[in-house]
2 protein chains.
Amino acid sequence: MADSAKEPAHVLVWSKERRAPRRQAPSVEQIVRAAIAIADAEGLAALSMRRVAADLDSGTASLYRYVAGRDELLDLMIDAVEGETGPPPLSGDWRADLTGVARHVRATLLRHPWLSSELTGRPALGANSLRQQDVALTAASALTPDITLAANVVDTVRAYVFGAVARDLAEEQAQRRSGLTEDQWRESVAPYIREVIDSGAYPQFARRVAEAEDAAPEERFEFGLACVLDGIAARADAAS
Amino acid sequence: MADSAKEPAHVLVWSKERRAPRRQAPSVEQIVRAAIAIADAEGLAALSMRRVAADLDSGTASLYRYVAGRDELLDLMIDAVEGETGPPPLSGDWRADLTGVARHVRATLLRHPWLSSELTGRPALGANSLRQQDVALTAASALTPDITLAANVVDTVRAYVFGAVARDLAEEQAQRRSGLTEDQWRESVAPYIREVIDSGAYPQFARRVAEAEDAAPEERFEFGLACVLDGIAARADAAS
DNA sequence: GCCGTTTGCGAACACCGTATCCATAGAGGA
DNA sequence: TCCTCTATGGATACGGTGTTCGCAAACGGC
């Protein structure tokens with residue numbers, strides 16, 4: 001429309017008006033869905049405009065009628081996956097609710113391994129992302145009426161969750177990129193790790209590898225989450 | 001032969017174009033340094049093999065004599081920046097030391113805005129990265145002799161730091177990508193935020209935007225870090 | 001049935017990472 | 001001094017990428 005043409009060049013992607021397809025055109029949702037399917041199955045590297053178009057049996061250039069470019073497509077993908085599962089129900093118990101929110105965010109990030117990579121360096125301001133944040137703020141409001149404190153609490157929990165998942169995903173991603181099986185990859189890394197340990201320059205790291213029992217990812221996640229929530233509880237008590 | 005065939009026939013032998021003189025070899029460190037400089041100044045998107053070669057006055061293909069490919073170059077860049085500042089000195093006070101480590105990691109991530117993006121989906125196993133981890137483990141060992149617990153503690157702190165920095169960097173990165181100034185970007189986002197708030201569908205988020213005082217990034221970081229460390233202290237006490 | 005608009009998309013452009021291949025510089029032997 | 005041999009720099013090419021342009025075909029309102 002002439003209206004949107006007159007708007008500043010940087011109308012935010014999530015509030016842009018999308019035109020409806022005349023015929024059996026791809027439509028934004030179909031494009032986003034196809035792109036997510038590709039990224040889930042084959043990784044972000046396999047996600048190209050041509051590939052999406054091919055999966056939709058459409059011409060590459062046609063996609064640009066519905067999506068401004070790859071970058072915008074990525075933004076839309078992020079918001080789409082954040083909306084695919086409704087936010088967890090709240091009980092009013094702040095700790096249980098924030099735990100639920102944290103697990104929910106973690107599950108989403110794990111379901112789409114490309115998501116955390118894409119989320120670094122890209123603020124999530126889509127409707128679904130904001131819904132998640134709103135729910136988290138509601139949960140934290142049961143702890144304190146102070147919205148500033150609640151916001152800090154939510155940000156802290158989300159930061160931890162994101163970092164923890166990114167750490168867990170890193171190895172998996174590297175392995176996937178190498179194209180090796182999990183065992184092959186482990187074997188290819190082992191000699192290097194042994195060399196590092198044998199150098200004697202990293203005594204604590206060596207001790208960790210040799211002696212520490214490595215728990216399942218969920219357990220490590222829950223440990224850290226419990227720490228964070230403990231700390232929040234202590235701080236909220238002190239403030240009130 | 002092929003040369004003279006391409007040249008016009010009248011060009012005499014002594015005026016024929018001679019091969020460019022050999023230049024000095026780039027060496028791995030120079031390549032990595034140049035790549036980091038580009039990524040720091042212009043972002044990861046501007047980092048291409050051709051660009052690095054151009055900055056070094058060398059041919060693109062020459063880089064491959066020293067580096068296996070772009071992927072390996074990125075791994076080397078990560079380890080290089082993790083080694084550019086020595087790890088913070090330790091005092092033996094676990095809380096002070098872990099705080100120092102956390103601030104150190106944060107400073108490194110902020111100094112190189114591309115680092116966090118690259119670190120998601122890439123385990124850091126370089127010598128310098130391992131040194132950082134070893135120091136962190138040493139700090140945590142003052143809290144507990146249990147290496148498993150110490151490892152969990154370090155992982156938790158690192159996860160929080162990473163997530164917190166990624167969150168802070170996201171907006172900056174998006175703005176940089178848009179090519180607008182900070183003010184322009186803020187102005188382009190404002191109408192959308194207002195629209196979202198006016199919709200009434202996100203009451204807590206609206207309250208946050210309207211009422212919460214947004215602290216400086218450092219303060220938010222320190223708040224969350226304090227929570228995490230409080231929780232760790234509580235948990236370590238309970239375990240012993 | 002016509003006409004202005006919307007839509008699909010082939011082709012082209014400017015890049016990208018990387019492999020191949022060859023001329024040459026420099027070292028070492030004669 | 002010359003020659004040979006090898007390691008190295010880099011031009012070139014290949015198969016991708018995101019994106020733009022311009023045109024033909026389809027559609028909706030008249």
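Given the structure is predicted, the values throughout are model-derived calculations rather than measurements. In what follows, every chain begins at residue 1, and chains take the letters A, B, ... in the order their sequences are listed.
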Subject >> Short side-chain N/O contact to dG9(D) OP1/OP2 from Y66(B), under 4.0 Å >> reply: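 So the side-chain polar atoms of Y66(B) do come within 4.0 Å of the phosphate oxygens OP1 or OP2 of dG9(D), strictly under.
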Original post:
Just to confirm, is there a sub-4.0 Å distance from OP1 or OP2 of dC9(C) to any side-chain nitrogen or oxygen of S62(A)?
Top reply: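 For dC9(C), OP1 or OP2 has a side-chain N or O of S62(A) closer than 4.0 Å.
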Please give, in whole Å, the distance from [N] [atom2] to [X] [atom1]?
X      : N       : atom1 : atom2 : result
I31(A) : dT7(C)  : CD1   : C1'   : 13 Å
D57(B) : dT8(D)  : CG    : P     : 20 Å
L73(B) : dG17(C) : CG    : C1'   : 12 Å
Y64(B) : dT20(C) : OH    : C1'   : 13 Å
E72(A) : dG18(D) : CD    : C1'   : 14 Å
D71(B) : dC16(C) : CG    : C1'   : 14 Å

**OP:** Check DNA chain D against residues 41-55 of chain A and give the residues with a non-hydrogen atom under 4.0 Å, in numerical order.
**Re:**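 By residue number: L47(A), S48(A), M49(A), R50(A).
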Subject >> Polar side-chain atom of R33(A) near backbone of V28(A) as donor-acceptor pair, under 3.5 Å >> reply: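 No, R33(A) side chain to V28(A) backbone: no donor-acceptor pair under 3.5 Å.
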**OP:** Would you list the pairs meeting ring-ring contact (aromatic ring centres under 6.0 Å, His included) in which at least one residue belongs to residues 168-194 of chain A, sequence neighbours left out?
**Re:**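 Qualifying pairs: none.
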**OP:** Report the residues that fulfil ring-ring contact (aromatic ring centres under 6.0 Å, His included) with F221(A), sequence neighbours left out, ordered by chain and then residue number.
**Re:**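 Expected list: Y160(A).
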Original post:
Under the ring-ring contact (aromatic ring centres under 6.0 Å, His included) test, which residues partner H112(A), sequence neighbours left out?
Top reply: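 For H112(A) the ring-ring contact (aromatic ring centres under 6.0 Å, His included) partners, ignoring immediate neighbours, are W114(A).
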Original post:
Who pairs with R65(B) by side chain to side chain contact (heavy atoms under 4.5 Å, CB included), at least two apart in sequence or on another chain?
Top reply: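 With neighbours one apart ignored, the set is empty.
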Original post:
Of the nucleotides dG17(C), dC9(C), dA11(D), which has the atom closest to the R70(B) side chain?
Top reply: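 Nearest nucleotide to the side chain: dG17(C).
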**OP:** Between T60(A) and R65(B), name the one whose nearest nucleotide on DNA chain C is closer to the 5' end.
**Re:**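 This one resolves to T60(A).
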Subject >> Which residues share a salt bridge (Lys or Arg N to Asp or Glu O under 4.0 Å) with D55(A), sequence neighbours left out >> reply: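 Listed in chain order: R51(A).
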